[in-house]
2 protein chains.
Amino acid sequence: MPQIIIADDHPMVRGALALAVESAFDQPEILECAHLAGVMQLLESIGVADLLLLDLRMPGVDGFEGLVRIRSQFPATPVVVISALEDPRLVREALALGAMGFIPKSTPRAEIVAALVLVAAGGTYRPDDLALAEPAPDPKGRAADDDFLQRVLTLTPQQRRVLQLLGTGKLNKEIAYDLDIAETTVKAHVSSILHKLRVYSRTQAVVMAGRLHLDSFADVAEG
Amino acid sequence: MPQIIIADDHPMVRGALALAVESAFDQPEILECAHLAGVMQLLESIGVADLLLLDLRMPGVDGFEGLVRIRSQFPATPVVVISALEDPRLVREALALGAMGFIPKSTPRAEIVAALVLVAAGGTYRPDDLALAEPAPDPKGRAADDDFLQRVLTLTPQQRRVLQLLGTGKLNKEIAYDLDIAETTVKAHVSSILHKLRVYSRTQAVVMAGRLHLDSFADVAEG
DNA sequence: GTGCCAATTGTACTTTGGTACAAGGGTAAT
DNA sequence: ATTACCCTTGTACCAAAGTACAATTGGCAC
């Protein structure tokens, strides 16, 4: 009897996902959470879940921070990110941070079911694989940002988690606590991150990394 | 013979603005620049211009940094911000940072002319004054951010400039250089900013302030 | 096995960042 | 003119950030 956690702050969404889960698994035990704290608590008590459906936006968590912390504390539990958006960059980043799948809320129920089965079987799922395979060159303008993206991709998984937490303005001490490592280690990671990204302060790294997420809307934001 | 500087990296835009300037002034001397460095150079040589039309997005400057530096170095020259966007928050921030006007590129030529005359006469111009007078409550959700915006509004002009430069990831030393003040002074401002914004590190201030600009697109970015 | 690399941690050190306190000059309002 | 506020700067001190070097562990590949 597989244990599946559904974490989303919207009851309606949880209901819809629950339906899909019931179609995808045989007599699943469905655990619902409306906030990140509940998820952490649940995972602490049951140790490992067979699958975690995680919404990106929940009370207490705005972006990838929840994913980062869960992946760090409970790496054995496969996480599928649920999101209202399906921006390729978000998808790539979620997968880079250790998610086993990325399911936009607009996905047809049948495809959601298939995706859940796929992930449960050890695979990874992302929307319309083809479009993502080629990152869509987009020759105009933002060459500099693409360079930066390339550099971000040279970061190790743990370093990306650190960068993610950096982006929330946390101190080294707080990051160490969240990832359950020594502050020294955080410093080592930060130092390495700064070198790889070719910047000379955490603030710059945050600003640069922040732009990557913004770029999705750059066409709207010109000017 | 009034000296008017038009700073925009797009030749077509410069042309259109030049037409408007010629309609608004009597035999203006129009100086064109495609990048911020040229503007600074020009201002250094002529001292004060009668009007500066400044595009927000130019090579070397992405946001308000150019405005901030120009206002700091050459406060006597009135600046009108030209932008492809007309988000009320951008408008408010530009004016808060010392711009005498904010003209969206979509503005009809006749209105641009009127706006330029208005500013040259010592007034300030913003698009559809009415809509901006009331900041559009927007009761849903983002109460926390509104709180933060309120706090940003308690910052003094100079402190806003510092915050703006903080947002580019600069070191205190660099900010001191840009604003031509001592590093000690920058520290004093930063310290005050952190208190007013109720955060405990520059990085957090940058993250928070960054969200204000993002919020314009929050409806697209849910998830 | 050997080698490579991610991850971890420690020590020790330098540089930024940030606070606290004090103080002088400028401007605007009462 | 007195108050108030902003901007400025200095000194001094403490905390956080970042670097450099060295070492251990574990996984993975050849």
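Of the N and O atoms on the side chains of A/Arg161 and A/Gln158, at least one donor lies less than 3.5 Å from an acceptor on the other residue.
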- request: Give the intermediate values and the outcome of side chain to side chain contact (heavy atoms under 4.5 Å, CB included) for residues B/Val186 and B/Leu165.
  value: CA-CA 11 Å; B/Val186 176; B/Leu165 294 177; over 6 Å; no
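Residue A/Lys170 contributes atom NZ, which lies 15 Å from atom P of D/dA16 at whole-angstrom precision. The distance from atom CD1 of A/Ile175 to atom C1' of C/dT9 is 17 Å, rounded to the nearest whole Å. Between the P atom of D/dC7 and the CD atom of B/Gln159 lies a distance of 6 Å, rounded to the nearest Å. Spacing between atom OH of A/Tyr200 and atom P of C/dT16 amounts to 11 Å, rounded to whole angstrom units. In this structure, the CG atom of B/Leu166 is 16 Å from the P atom of C/dT16, given to the nearest Å. What separates CG of A/Asp180 from C1' of C/dT9 is a distance of 14 Å, to the nearest Å. Nucleotide D/dT8 holds its P atom 8 Å from the CZ atom of B/Arg161, rounded to whole Å. Whole-Å rounding puts the A/Leu179 CG to C/dA6 P distance at 17 Å.
Between A/Ser191 and the phosphate of D/dT19, there is a side-chain N or O to OP1/OP2 separation shorter than 4.0 Å. In this model, the phosphate group of D/dA17 is approached by a side-chain N or O of A/Asn172 to a distance below 4.0 Å at OP1 or OP2. Close to D/dC7, at under 4.0 Å from its OP1 or OP2, lies no side-chain N or O of B/Thr185. A sub-4.0 Å separation between OP1 or OP2 of D/dG18 and a side-chain N or O of A/His195 is absent. Side-chain N/O atoms of B/Lys173 include one lying less than 4.0 angstrom from OP1 or OP2 on C/dT16. Contact between the side-chain N/O atoms of B/His189 and the OP1/OP2 oxygens of D/dC6 is not found at any separation under 4.0 Å.
The minimum heavy-atom distance between A/Leu67 and A/Ala94, with the atom names listed, is CD2-O, 3.7 Å. Closest approach of B/Val207 to A/Thr168, counting heavy atoms only: CG2-C, 4.2 Å.
Crowding of A/Gln41 atom CD: a count of heavy atoms from other residues, nucleotides or ligands under 6.0 Å not exceeding 12.
Nearest to the side chain of A/Lys187, among C/dG17, D/dT19, D/dT11, sits D/dT19. Comparing atom distances between the A/Leu171 side chain and each of C/dG10, D/dA16, C/dG18 picks out D/dA16 as nearest. Set against C/dG18, C/dG10, D/dT8, the side chain of B/Val190 has C/dG18 as its closest nucleotide. If you check D/dG10, C/dG18, C/dT8 against the side chain of B/Ala182, the one that comes closest is D/dG10. Side chain of B/Ile181, nearest nucleotide from D/dT8, D/dT19, C/dG18: D/dT8.
Map B/Gln158 and A/Ser201 each onto its nearest nucleotide of DNA chain D; the residue landing nearer the 5' end is B/Gln158.
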